[in-house]
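What you see is a predicted model, and the numbers here were worked out from it, not measured in a lab. These values consider heavy atoms only, across backbone and side chains, with no hydrogens, waters or symmetry-generated copies.
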Amino acid sequence: MTGEREVVITSSADVVAVRQLVRSVAIEVGLSLVDQTKIVTAASELARNALVYAGGGDVRILVVENGHRRGLKLIVTDDGPGIPDLELALTDGWTTGNGLGLGLSGSRRLVDEFDLLSGPGKGTTVTVTKWAR
Amino acid sequence: MQRVPVLKLGDVLIVSIQIDLEDQSVLALQEDLADAVVDHGARGVIIDITAVEIVDSFIGRMLATIAGMCRMLDAQTVVVGMRPAVAITLVELGLSLGGVRTALNLEKGVALLDHIRSATP
């Protein structure tokens, strides 16, 4: 099945729901077990970021195609305060919360494509893609 | 919120995580374990993550926190049963869990605790 699926995040139970849905789509797309684990972990980090830093947001999960390859794309959006310095936010260990500062930088390493769109007062949108090999 | 049960076997506490961990469950487990270590005078804690499909930075930090907290309460912690895909992902994420002892399975975890104890009487 293709098409888009969406999870609205308002509590930590929704982060679990995101993980479960991303897992099922990753299997459907044909990602290997290791790649499934990586994209589910990245989804968990990004969904929690939206919850912790913006009080919530939403996650859209899409099946994408590039020639004969299939992949899974995640778009995580929130209307929070936004990130003033994107480069700094992608540095390992940098955090404004009390986390480890690995959410964004670590997620970037777990996926094939990573795009971060944010600015003060503009909310944050992170788009990531993992392709089946 | 689901709670993870803490089982007692001699002076070892065993926690087998069988649910999809919500952040609140993780925090509750930390507190439950600290209480249980003190209440039972436990010397060892084994956390079985055989059924855990992903460990993200929050869950990883919980494992490190539990190990540190138990050490302060005079108990040693061993994490057992990590899946290969989880190990690969954790390292790539940037979490190496330096302070956390691991063993491949429950049996080896128990043996490791025995070994630690005989080395430090």
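B/L27 and B/V38 fall within the same hydrophobic cluster, defined by Ile, Leu, Val, Met, Phe, Trp and Tyr side-chain heavy atoms under 4.5 Å apart, directly or through other members. Using a 4.5 Å cut-off between side-chain heavy atoms of Ile, Leu, Val, Met, Phe, Trp and Tyr, with links allowed through other members, B/V86 and B/V4 fall into the same hydrophobic cluster. Taken together through direct or relayed side-chain contacts under 4.5 Å among Ile, Leu, Val, Met, Phe, Trp and Tyr, A/I27 and A/V25 form parts of separate hydrophobic clusters. Under a hydrophobic clustering in which Ile, Leu, Val, Met, Phe, Trp and Tyr are joined whenever their side-chain heavy atoms come within less than 4.5 Å, directly or via other members, B/V52 and B/L97 fall into the same cluster. Residues A/V16 and A/V22 do not share a hydrophobic cluster, clusters being chains of Ile/Leu/Val/Met/Phe/Trp/Tyr side chains in contact below 4.5 Å.
Atom CG of A/D79 has 12 or fewer heavy atoms from other residues, nucleotides or ligands within 6.0 Å.
Within residues 33-46 of chain A, the residues approaching chain B closer than 4.5 Å by heavy atoms are, in numerical order, A/L33, A/V34, A/T37, A/K38, A/V40, A/T41, A/S44, A/E45. Within residues 67-84 of chain B, no residue approaches chain A closer than 4.5 Å by heavy atoms. Within residues 113-133 of chain A, no residue approaches chain B closer than 4.5 Å by heavy atoms. Contacts from residues 12-19 of chain B to chain A, taken as heavy-atom pairs separated by less than 4.5 Å, involve no residues at all.
Taking CG of A/L104 as the start and OG of B/S57 as the end, the distance is 10.5 Å to the nearest 0.5 Å.
With a threshold of 4.5 angstrom between heavy atoms, A/R108 does not approach chain B through any atom at all.
Chosen from A/G106, A/S11, A/S12, the residue pairing most often with chain B at heavy-atom distances under 4.5 Å is A/S12.
The closest side-chain heavy-atom distance from A/R19 to B/I54 is below 4.5 Å. The side-chain heavy atoms of A/L110 and B/T89, taken from C-beta on, include a pair separated by under 4.5 Å. For the pair B/L93 and A/R109, the minimum side-chain heavy-atom distance is 4.5 Å or more.
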